[in-house]
Amino acid sequence: MIADPARFIEEQTRLSPVAFVPEIRLHQADEATALWHLTEATLDREDLPPPFWAFAWAGGQGLARYILDHPETVRERRVLDFASGSGLVAIAAAQAGARHVAAVDIDPFAVAAIALNAAANGAAIEAQRADRIGDDLADVDVLLAGDVFYDRGFAVRLLPWLERVARAGVTVIAGDPDRAYAPVTGRRDRAVYDVPVHPALEDAATKRVRVLQLGFSELF
């Protein structure tokens, strides 16, 4: 393991405004593949996930924009930013007046990036390395998830849990650029944005992002 992930992140990224959410600055990489290979080489491993923490992904940008434009969604509420990556959505929630914000991710680099980005934006965020799928979330009022429906296996694990916590009273809101495994029922579209994206990450210069609230009766 790299002794100081935060230093690695600072050396390999630039602190710059997010294209669709310029109120927020993140440590962002210029190119995905080179950073991925460098991380694997530094750790002497070939099985690492992509550096999701080093970019502002389309779904996260759309969701962060929505939260800042509709602060009543999270104001004075306890928020969990699930699979947080860079911490973009968590920062937006903190800036919008959430009572408490926890940002969770299973990648230790993401946890370090969340802490760095939170500090750069003056946001109070509890960064946690955790996989909370299956938890009851008694400590959460709003669950936010940016761009999480990209993988079939992950969606198979994730969607039943999101259904359950929504049924229990948690407000579940996702930002999704029409990924293949997003739910098609049991959802309400709160907003739609055309979001600029990094050319190395997507197949277009912009992606249409839908902000979805999950947990309506037809889902169950």
Side-chain angles (χ1 to χ4, degrees), residues 1-21 24-64 79-95 101-135 143-151 153-155 157-158 174-177 179 195 197-202:
M1 183 64 187
I2 292 174
D4 189 352
R7 182 175 179 181
F8 179 86
I9 291 166
E10 290 179 315
E11 290 175 347
Q12 302 301 326
T13 62
R14 293 181 296 110
L15 186 62
S16 57
V18 175
F20 200 60
V21 197
I24 296 174
R25 299 185 302 157
L26 298 178
H27 288 83
Q28 301 178 69
D30 293 320
E31 205 278 319
T33 303
L35 179 60
W36 192 358
H37 289 166
L38 177 62
T39 307
E40 290 182 328
T42 303
L43 294 176
D44 194 24
R45 289 179 56 185
E46 296 181 352
D47 59 345
L48 295 179
F52 294 121
W53 49 268
F55 300 93
W57 294 81
Q61 289 196 65
L63 183 53
V79 173
L80 174 68
D81 179 23
F82 174 77
S84 183
S86 66
L88 170 60
V89 174
I91 293 166
Q95 292 185 348
V101 182
V104 300
D105 203 290
I106 61 172
D107 185 346
F109 284 89
V111 176
I114 292 163
L116 285 172
N117 291 328
N121 290 276
I125 293 170
E126 181 184 351
Q128 305 171 353
R129 186 183 181 190
D131 177 359
R132 296 203 63 178
I133 295 178
D135 290 0
L143 184 151
L144 303 175
D147 224 331
V148 293
F149 303 122
Y150 55 86
D151 177 80
F154 189 47
R157 290 186 63 218
L158 178 62
D176 180 66
R179 300 296 189 201
V195 177
V197 293
H198 196 294
L201 303 179
E202 305 284 1

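All residue numbers refer to positions in the sequence shown, counting from 1. Small disclaimer: the values here were computed from a predicted structure and weren't measured. Note that these values count all heavy atoms, side chains included, but never hydrogens, waters or copies made by symmetry.
With sequence neighbours left out, the salt bridge (Lys or Arg N to Asp or Glu O under 4.0 Å) criterion links Arg157 to Asp131. Residues that satisfy the ring-ring contact (aromatic ring centres under 6.0 Å, His included) test with Phe154, not counting sequence neighbours, are absent from this structure. By the ring-ring contact (aromatic ring centres under 6.0 Å, His included) test, Phe20 pairs with Tyr193, sequence neighbours left out. Not counting sequence neighbours, the partners of Arg7 by the side chain to side chain contact (heavy atoms under 4.5 Å, CB included) test are Asp4, Glu11. Every residue two or more places apart in sequence or in another chain that forms a salt bridge (Lys or Arg N to Asp or Glu O under 4.0 Å) with Asp147 is listed here: Arg179. Evaluation of the side chain to side chain contact (heavy atoms under 4.5 Å, CB included) rule for Ala103 yields Asp81, Ser84, Ala90, Ile114, Ile125 as partners, not counting sequence neighbours. Considering only residues two or more places apart in sequence or on other chains, Gln28 meets the side-chain hydrogen bond (donor to acceptor under 3.5 Å, both in side chains) condition with Ser16. Judged as a side-chain hydrogen bond (donor to acceptor under 3.5 Å, both in side chains), and not counting sequence neighbours, Asp151 has no contacts. Residues meeting the side chain to side chain contact (heavy atoms under 4.5 Å, CB included) test with Ala19, sequence neighbours left out: Gln61, Pro196. Residues satisfying the side chain to side chain contact (heavy atoms under 4.5 Å, CB included) test with Ala115, not counting sequence neighbours, are none. Here Gln128 pairs with Glu126 under the side-chain hydrogen bond (donor to acceptor under 3.5 Å, both in side chains) rule; sequence neighbours left out. Every residue meeting the side-chain hydrogen bond (donor to acceptor under 3.5 Å, both in side chains) condition with Arg14, not counting sequence neighbours, appears here in chain and number order: Asp30.
Looking at every heavy atom in both residues, Ala174 comes nearest to Phe149 through CB-CE1, 3.9 Å. When all heavy atoms are compared, the tightest approach of Ala58 to Val195 is O-CG1, 4.1 Å. Among all heavy-atom pairs drawn from Leu63 and Gly146, the shortest one is CD2-N, 3.9 Å. Looking at every heavy atom in both residues, Leu26 comes nearest to Ile24 through CD2-CG2, 4.1 Å. What you find for Thr13 and Ala29 is that their closest heavy atoms are CG2-N, 3.9 Å. A pairwise comparison of heavy atoms in Val21 and Ala64 identifies CG2-CB, 4.1 Å as the closest pair.
The backbone N or O of Leu88 sits nowhere less than 3.5 Å from a side-chain atom of Asn117 that would complete a donor-acceptor pair.
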Exercise. Please lay out, stage by stage, how Phe82 and Val89 fare under the test side chain to side chain contact (heavy atoms under 4.5 Å, CB included).
Key: CA-CA 9 Å; Phe82 174 77; Val89 174; over 6 Å; no
Practice problem: Determine, stepwise, if the pair Phe52 / Tyr150 fulfils side chain to side chain contact (heavy atoms under 4.5 Å, CB included). | Solution: CA-CA 12 Å; Phe52 294 121; Tyr150 55 86; 4.2 Å; yes
Self-check item: Test side chain to side chain contact (heavy atoms under 4.5 Å, CB included) applied to Asp107 and Trp53, step by step
Solution: CA-CA 9 Å; Asp107 185 346; Trp53 49 268; 3.4 Å; yes
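Between Phe8 and Phe109, the two ring planes are perpendicular [angle over 60°; tilted spans 30° to 60°].
For the atom pair CG (Asp105) and CZ (Arg129), the distance works out to 9.5 Å, reported to the nearest 0.5 Å.
The neighbour count for Leu15 CG, taken as heavy atoms of other residues, nucleotides or ligands under 6.0 Å away, is above 12.
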